[in-house]
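Okay, so here's the structure we're looking at.
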Amino acid sequence: MRDGITVSPLNEMAQRGHFWLDLDRSWDNRSLAGRYLAMSELPGIVTTTAGFKGTVCEPKGWREIVRLICDEEDADTAAAMSARFAYQAAVCKLVARLRPKDFEVLVDLILSRSGWTRIARIGGATEGIDVEVENPAIDEVAFVQVKGEAGQATLDDYVARFRARRERYHRMIFAVHTPRGALRAPDREPVQVWDGAKVAELVVRLGLGDWLAKRV
């Protein structure tokens, strides 16, 4: 017998069964901190027990269940994420050392692996535009400017060019591996700033680390 279990004095009852548990909290699909516990994001050792209603049981993954409910981080996952962040910081240093042409190629690779297809050549003849890309899946054309170094004034200049061509472009990406000061994109406009840290994050996520290491 375990703490919290109440045995029916009348043996099995149609209304309550042979024994029951008195719970401190009602059923909930969120953790103690309010995080939604989506089935698709739960470990397999937890989901394998889903729907089992035969009896009260001790699931193999009970420790993981308690950890998820209490919003505790798995030690191995924490170690892996720490290593990932360290790798990402190292990648950021490599990105900052790229020559302008290699940085343009890197941005082009990131775009292509993200579903964007280049429709204008890098460094093409169109004034003020390094790359034009389109994403057929979402039916968008984007204006991409690639800079090794740039400050807020340069960003503002290209934002103005983007605004002047909004009939063609759905969004703008301003990629710069070494920004001069903090760069701020305009509020409530589809303008993204990819600084060195953001590019490094995308390099790691998209598996471009080996390509980058060979270009430094």
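Just so you know, these numbers come straight off a predicted model, no measurement behind them.
Taking 4.5 Å as the limit, every side-chain heavy atom of Val199 sits out of range of all side-chain heavy atoms of His177. Using a 4.5 Å heavy-atom threshold, the side chains of Ile69 and Leu32 count as touching. When side chains are defined from C-beta on, Leu208 counts as touching Arg113, because their heavy atoms get closer than 4.5 Å. Looking at heavy atoms from C-beta onward, Arg166 lies out of side-chain contact with Arg168 at the 4.5 angstrom threshold. Between Met172 and Val159 there is a side-chain heavy-atom pair separated by less than 4.5 Å. Side-chain contact between Ser112 and Thr117: absent, with no pair of heavy atoms (C-beta onward) separated by less than 4.5 Å.
Around atom CZ of Arg184, no more than 12 heavy atoms belonging to other residues, nucleotides or ligands sit under 6.0 Å away. Counted within 6.0 Å of CG on Asp210, heavy atoms from surrounding residues, nucleotides or ligands total 12 or fewer; the atom is thus considered open.
A salt bridge is defined here as a Lys NZ or Arg NE, NH1 or NH2 lying under 4.0 Å from an Asp or Glu carboxylate O, and Glu140 with Arg171 meets this definition. The pair Asp102-Arg99 meets the salt-bridge criterion, with a side-chain N (NZ, NE, NH1 or NH2) lying under 4.0 Å from an Asp/Glu carboxylate O. The existence of a salt bridge linking Glu73 and Arg67 is excluded, since no basic side-chain nitrogen approaches an acidic carboxylate oxygen closer than 4.0 Å.
Linking ILVMFWY side-chain heavy atoms closer than 4.5 Å, directly or via other members, places Ile110 and Ile138 in a single hydrophobic cluster. Clustering ILVMFWY residues whenever any of their side-chain heavy atoms sit less than 4.5 angstrom apart, transitively, puts Val216 in the very cluster that holds Phe103.
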Please determine whether side-chain contact (heavy atoms from CB on, under 4.5 Å) holds for the pair Phe143 and Ile173, giving the CA-CA distance in whole Å, both sets of side-chain angles, and the decisive distance to 0.1 Å. CA-CA 6 Å; Phe143 161 24; Ile173 298 172; over 6 Å; no
Evaluation steps, side chain to side chain donor-acceptor pair (under 3.5 Å), between Gln192 and Trp194: CA-CA 6 Å; Gln192 300 176 16; Trp194 291 1; 3.2 Å; yes
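Residues Tyr169 and Glu132 bring a donor and an acceptor atom of their side chains to less than 3.5 Å of each other.
With Tyr158 as the aromatic partner, Arg161 meets the cation-pi criteria of under 6.0 angstrom to the ring centre and within 45 degrees of the ring axis.
Qualifying side-chain contact (heavy atoms from CB on, under 4.5 Å) partners for Arg63, counting only residues two or more places apart in sequence or in other chains: none. For the side-chain contact (heavy atoms from CB on, under 4.5 Å) test, residues two or more places apart in sequence or in another chain that qualify with Thr178 are Ala96, Glu149.
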